[in-house]
There are 2 protein chains.
Amino acid sequence: MTGFSTVLPAGRKRRGEGHTRREEILQAAKDLFLEQGYDSTTIRRIADRVGISAPALYLYFRDKEALMLALCDQTFAHLIEAVAEIERTVADPLERVRRFGEAYVRFGLTHPDEYRLVFLNANIPEAIRKVGHRAATDDPTKPGVGGALVFKRLVAFLVELEASGTKLNYPPDTCGELCWMGLHGLVSAFILKPEFPWSDRELLIKGMLEIHLKGILRTP
Amino acid sequence: MTGFSTVLPAGRKRRGEGHTRREEILQAAKDLFLEQGYDSTTIRRIADRVGISAPALYLYFRDKEALMLALCDQTFAHLIEAVAEIERTVADPLERVRRFGEAYVRFGLTHPDEYRLVFLNANIPEAIRKVGHRAATDDPTKPGVGGALVFKRLVAFLVELEASGTKLNYPPDTCGELCWMGLHGLVSAFILKPEFPWSDRELLIKGMLEIHLKGILRTP
DNA sequence: AGCGTTAACTGAACATTGATAAGTTATCGG
DNA sequence: CCGATAACTTATCAATGTTCAGTTAACGCT
């Protein structure tokens with residue numbers, strides 16, 4: 001039961017309607033990616049789904065990497081939205097940090113493939129690997145900075161937390177990095193090693209959040 | 001400055017000396033892998049280094065995956081040895097856990113490429129992905145169980161720790177998983193995102209160890 | 001010394017991959 | 001209706017992992 005879906009040729013786009021095709025390609029790539037994973041998301045198969053020839057893809061994306069980058073940013077928007085939601089609805093800085101952790105883990109576990117693409121892949125070309133944690137100084141209008149944006153929010157929460165009088169055991173950015181590393185370790189473990197007999201998932205999530213909150217807050 | 005090293009043809013092996021060639025292949029693959037990374041470690045290039053034809057490789061390895069698996073196990077032996085060293089020289093269970101963490105991080109940071117191959121790669125075929133954390137019930141004589149063996153040692157340390165009277169906040173295996181996830185998050189962050197402006201590396205390592213030790217030990 | 005078996009190995013080829021070059025077609029403004 | 005050009009295709013490239021069919025050389029045996 002693999003790749004039987006060849007789509008009928010799509011009509012040529014009207015002049016000036018190229019961006020439409022671009023989005024069709026993105027959608028097809030995303031579908032394929034979610035259905036069959038990265039390895040099956042080939043240029044030819046994407047083109048096939050859209051109903052155009054393979055080289056036509058290169059009219060809209062410089063190369064496969066650029067296509068995947070665009071996909072990543074699209075998905076990251078979801079996580080950014082989730083964090084914005086927290087900022088809108090939660091006032092307490094400590095609670096914001098906890099909610100951030102929960103949202104991050106939930107995002108990773110419900111979008112495992114994108115998570116792999118953005119945060120885990122050591123095999124994919126350099127530029128894609130960087131997407132997750134490109135330096136915060138990079139041009140934020142360019143594709144591939146979603147991860148850094150999210151991370152900056154976490155650090156901002158920690159700065160608030162410190163400003164509100166809570167003592168931290170490390171500088172806010174170090175705290176943020178430690179928390180992210182723990183959350184990332186958790187998510188990537190579940191994603192990369194699903195066959196491992198992990199103990200209760202909810203316990204692990206709760207435990208990881210507890211450990212890190214307890215670890216960064218100074219308690220005399 | 002890339003791939004100029006083509007090696008002269010090696011003489012045919014005597015009858016019964018095939019295993020020698022097998023090890024030559026492994027060595028060449030390892031060198032190439034360390035020098036140029038996974039993407040450059042192709043069947044043809046490996047064969048080229050050894051001085052044989054590409055198909056000759058398939059006399060000694062079922063496929064590329066099997067070759068890489070063998071490489072992984074070879075490298076894992078180093079980590080296993082480091083852990084055994086701890087068992088030999090350190091008696092205190094708590095200290096054993098701390099030393100395990102240090103050794104694990106040191107291993108990851110000094111063997112980043114192997115670490116990527118074994119623990120990080122979401123793109124490489126399934127069997128290689130599993131290497132790091134194959135279920136402990138798997139046949140331990142088969143290749144690819146190095147990761148699980150190491151992890152079992154950590155859990156054993158935690159069981160000792162509990163037996164010695166120290167109260168834990170979670171069951172030993174859950175504690176082990178949490179610790180491993182944190183350590184792994186740390187190592188993989190450094191490896192996958194070297195360009196990110198992390199705060200002081202030593203502080204992060206020390207912090208991660210502290211956080212997790214504090215987190216799993218019950219302190220009333 | 002010669003012969004047959006077979007381990008060790010090679011050359012050519014296949015299907016896929018991402019990517020490019022060069023040419024074609026259809027749309028649209030004037 | 002015509003010329004410019006956006007949109008697209010066909011043919012092709014080099015590289016990848018892998019297989020097939022054959023070849024060569026080492027060894028035991030008579």
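In what follows, every chain begins at residue 1, and chains take the letters A, B, ... in the order their sequences are listed.
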For nucleotides 17-25 of chain C, give me one character per nucleotide, 5' to 3': B if any protein heavy atom sits under 4.0 Å from the base, S if the only such contacts are to the sugar-phosphate, - if neither. BBBBB---B
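One interatomic measurement links the two molecules: CZ of B/Phe61 to P of D/dG17, which rounds to 14 Å at whole-angstrom precision. Taking atom NE2 of B/His19 as the reference point, atom P of C/dA7 lies 14 Å away to the nearest angstrom. D/dA7 atom C1' lies 13 Å from atom CZ of A/Arg14, rounded to whole Å. Here C/dC9 presents its P atom at 9 Å from CD of B/Glu24, a figure rounded to the nearest Å. In this structure, CD1 of B/Ile52 is placed 15 Å from P of D/dT18, rounded to the nearest angstrom. We find that CG of B/Leu57 is positioned 11 Å from P of C/dC9, with the value rounded to whole Å. Distance, A/Arg22 CZ to D/dA6 P: 17 Å, rounded to whole Å. To the nearest angstrom, P of C/dA26 lies 16 Å from CG of A/Leu59.
At distances below 3.5 Å, at least one donor-acceptor pair connects side-chain atoms of B/Lys64 with backbone N or O atoms of B/Thr41.
Residues A/Phe107 and A/His111 place their aromatic rings such that the two centres sit under 6.0 Å apart. No close placement of the B/Phe190 and B/Phe196 rings is indicated, their centers lying 6.0 Å or farther apart.
The side chain of B/Arg21 contributes no N or O atom lying less than 4.0 Å from OP1 or OP2 of C/dA7.
Classification of A/Arg106 and A/Glu102 as a salt-bridged pair fails, no side-chain N sitting under 4.0 Å from a carboxylate O.
A/Tyr60 does not carry A/Lys13 over the face of its six-membered ring by the limits of under 6.0 Å from the centre and within 45° of the normal.
Under 3.5 Å, the side chains of A/Ser199 and B/Glu177 contain a donor-acceptor pair of N or O atoms.
A/Tyr60 comes within contact range of the sugar-phosphate backbone alone, with a heavy-atom separation under 4.0 Å but no base atom that close.
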